Amino acid sequence: MAALNARIADDLYTQGWSVCPDYVPENLRTALLADLAAQEEAGRLTLAAVGRDGAQTVETAIRNDRTLWLTGRDAAPAAYLDLMGHLRLDLNRRLILGLFEYEAHYARYDAGGFYRKHVDALRGDSVRGERNRVVSTVTYLTPDWVESDGGHLVLYDAVDQDQEITRVLPVAGTLAVFLSEDIPHEVLPPVRARNSIAGWFRCNPSGEDRVDPLR
C-alpha cells in the first residue's frame with residue numbers, strides 16, 4: 001500500500017489528480033457494499049444537499065444521489081476509514097499538506113442519476129478559517145461495471161474548466177483522488193445503480209479562539 005500511496009502523492013504533485021485501480025481490496029469493498037445495501041434497506045440514505053453549513057438545500061437539478069455519512073462504529077466502514085488514515089499520513093509525509101481529518105459518505109446514484117460540474121472547496125476558505133477540503137477521494141463499490149454502464153467521473157482542467165482531463169470508469173476497487181479546490185468534476189448518469197464512497201481530507205482551522213473538530 002505504501003507504494004500505491006507514493007504514486008498517488010506523485011500524481012497529486014505533478015498533475016493534481018490520480019486514479020488507482022484495485023486500491024481497495026476485494027474483501028473490504030464487498031463488505032462495504034453489503035453494509036451500504038443494509039443501510040439502503042433500512043431507509044437511512046437520504047437525498048444529498050448542495051451548499052454549505054446552514055445554506056444547504058436539496059437541489060435535484062444539480063445532484064440527485066443519496067448519501068449516508070460513514071462512522072467507525074461498524075467493521076467495514078471502520079476498516080475503510082483506517083485505510084484512508086494511512087493514505088492521509090503518507091500524503092502529509094510526502095507533500096506536507098497538513099491534512100488533519102477525513103470525512104466520507106456512501107453515495108448511491110440510481111439509474112439516470114447525476115451530479116453537475118462543481119468543485120469541492122472554494123479558494124481561500126482555509127485562509128478565512130473555513131472548514132476547507134483539500135484532497136477529495138472517490139472509491140467505487142459496484143462489481144462487474146463495464147463501459148456501457150456509464151456513470152463516469154469526469155475531471156476537468158484547473159485552468160480551462162471546459163477541458164476534460166480524463167473520464168474515470170467506476171470499476172469496483174478503483175480510487176480517484178484529486179485536489180478539492182483545483183479540479184472541477186461531474187458524475188455522468190449511469191444506466192444502473194452506481195455505489196461509491198465520496199470522501200475529503202481537510203485541514204484543521206482550529207486556533208486559540210476557534211475550535212472546529214470534524215462532525
Side-chain angles (χ1 to χ4, degrees), residues 1-9 12 18-49 63-94 97 99-111 113 115 120 131 133-146 149 151 153 168-178 180 187 190 192-204 212-215:
M1 195 59 66
L4 293 178
N5 290 350
R7 180 190 133 195
I8 291 170
L12 288 179
S18 184
V19 177
C20 189
D22 293 317
Y23 185 88
V24 178
E26 184 175 4
N27 62 336
L28 177 54
R29 64 191 190 234
T30 299
L32 287 165
L33 187 61
D35 183 64
L36 191 161
Q39 303 294 350
E40 164 78 0
E41 185 175 355
R44 297 193 180 101
L45 275 68
T46 58
L47 276 172
R63 67 183 297 188
N64 55 11
D65 57 319
R66 289 176 296 123
T67 64
L68 176 69
W69 290 100
L70 268 63
T71 70
R73 289 193 292 269
D74 296 316
Y80 180 78
L81 294 173
D82 183 65
L83 183 67
M84 292 297 101
H86 288 290
L87 176 58
R88 180 182 67 84
L89 293 176
D90 282 343
L91 293 180
N92 279 343
R93 187 176 299 114
R94 290 178 173 274
L97 290 175
L99 305 179
F100 183 73
E101 292 172 312
Y102 182 73
E103 58 184 353
H105 62 58
Y106 288 127
R108 179 180 171 89
Y109 291 83
D110 294 321
Y115 195 161
D120 286 342
R131 176 181 301 178
R133 291 167 170 175
V134 179
V135 175
S136 302
T137 68
V138 185
T139 293
Y140 299 105
L141 301 176
T142 307
D144 304 318
W145 202 271
V146 297
D149 289 329
L153 171 68
V168 183
L169 186 66
V171 174
T174 297
L175 173 69
V177 185
F178 50 92
S180 303
V187 176
R192 62 186 178 104
R194 171 191 184 276
N195 300 291
S196 61
I197 297 173
W200 302 269
F201 295 105
R202 71 179 185 95
C203 60
N204 180 20
D212 184 27
L214 191 62
R215 64 169 49 79

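Computed over heavy atoms, backbone and side chain alike; hydrogens, waters and symmetry mates excluded. Please read all numbers here as calculations on a predicted model, not as lab measurements.
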Any side-chain heavy atom of [X] sitting closer than 4.5 Å to one from [Y]?
{"X": "L68", "Y": "E40", "answer": "no"}
{"X": "V171", "Y": "Y140", "answer": "no"}
{"X": "P170", "Y": "L141", "answer": "no"}
{"X": "Q39", "Y": "D74", "answer": "yes"}
{"X": "F178", "Y": "V138", "answer": "yes"}
{"X": "M84", "Y": "L81", "answer": "no"}
{"X": "W200", "Y": "D120", "answer": "yes"}

Considering all heavy atoms, the nearest [X]-[Y] contact:
{"X": "P77", "Y": "L32", "result": "N-CD2, 3.8 Å"}
{"X": "L175", "Y": "L87", "result": "CD2-CD2, 4.2 Å"}
{"X": "L169", "Y": "V146", "result": "CD1-O, 3.8 Å"}
{"X": "N5", "Y": "H86", "result": "ND2-O, 3.9 Å"}
{"X": "R133", "Y": "R202", "result": "CA-CB, 4.0 Å"}
{"X": "R7", "Y": "C20", "result": "NH2-CA, 3.8 Å"}

Check your understanding: Salt bridge between E101 and R88, side-chain N to carboxylate O under 4.0 Å?
Key -> no
Just how far is it from atom [atom1] of [X] to atom [atom2] of [Y], taken to the nearest 0.5 Å?
{"X": "N92", "Y": "L97", "atom1": "CG", "atom2": "CG", "value": "6.0 Å"}
{"X": "T142", "Y": "D149", "atom1": "OG1", "atom2": "CG", "value": "9.0 Å"}
{"X": "H105", "Y": "T67", "atom1": "NE2", "atom2": "OG1", "value": "5.0 Å"}
{"X": "L153", "Y": "Y115", "atom1": "CG", "atom2": "OH", "value": "12.0 Å"}
{"X": "R94", "Y": "L89", "atom1": "CZ", "atom2": "CG", "value": "12.5 Å"}
{"X": "L28", "Y": "T139", "atom1": "CG", "atom2": "OG1", "value": "9.0 Å"}

Exercise for review: Evaluate the side-chain contact (heavy atoms from CB on, under 4.5 Å) criterion for residues T174 and Y23: first the C-alpha distance (whole Å), next the side-chain angles of each, then the deciding distance (0.1 Å), finally the verdict.
Suggested key: CA-CA 6 Å; T174 297; Y23 185 88; over 6 Å; no
Practice item. Not counting sequence neighbours, which residues clear salt bridge (Lys or Arg N to Asp or Glu O under 4.0 Å) with D65? List them please. Key: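 Counting only residues at least two positions away or on another chain, D65 forms a salt bridge (Lys or Arg N to Asp or Glu O under 4.0 Å) with R63.
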Measure from the side-chain N and O atoms of [X] to the backbone N and O of [Y], and report whether any donor-acceptor pair falls under 3.5 Å.
{"X": "R29", "Y": "V24", "result": "yes"}
{"X": "S196", "Y": "A107", "result": "yes"}
{"X": "T30", "Y": "N27", "result": "no"}
{"X": "S180", "Y": "S136", "result": "yes"}

Exercise for review: Please work out which of the three classes, parallel, tilted or perpendicular, describes the rings of Y102 and F201, given edges at 30° and 60°.
Suggested key: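 Tilted, since the angle between the ring planes falls between 30° and 60°.
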Review point. Does NZ or CZ of R194 come closer than 6.0 Å to the centre of the six-membered ring of Y109, within 45° of the ring's axis?
Key: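 Positive - R194 is close enough to the ring of Y109 and near enough to its axis.
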Point to revise | Between Y106 and D35, a side-chain donor and acceptor under 3.5 Å | key: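 Short answer, yes.
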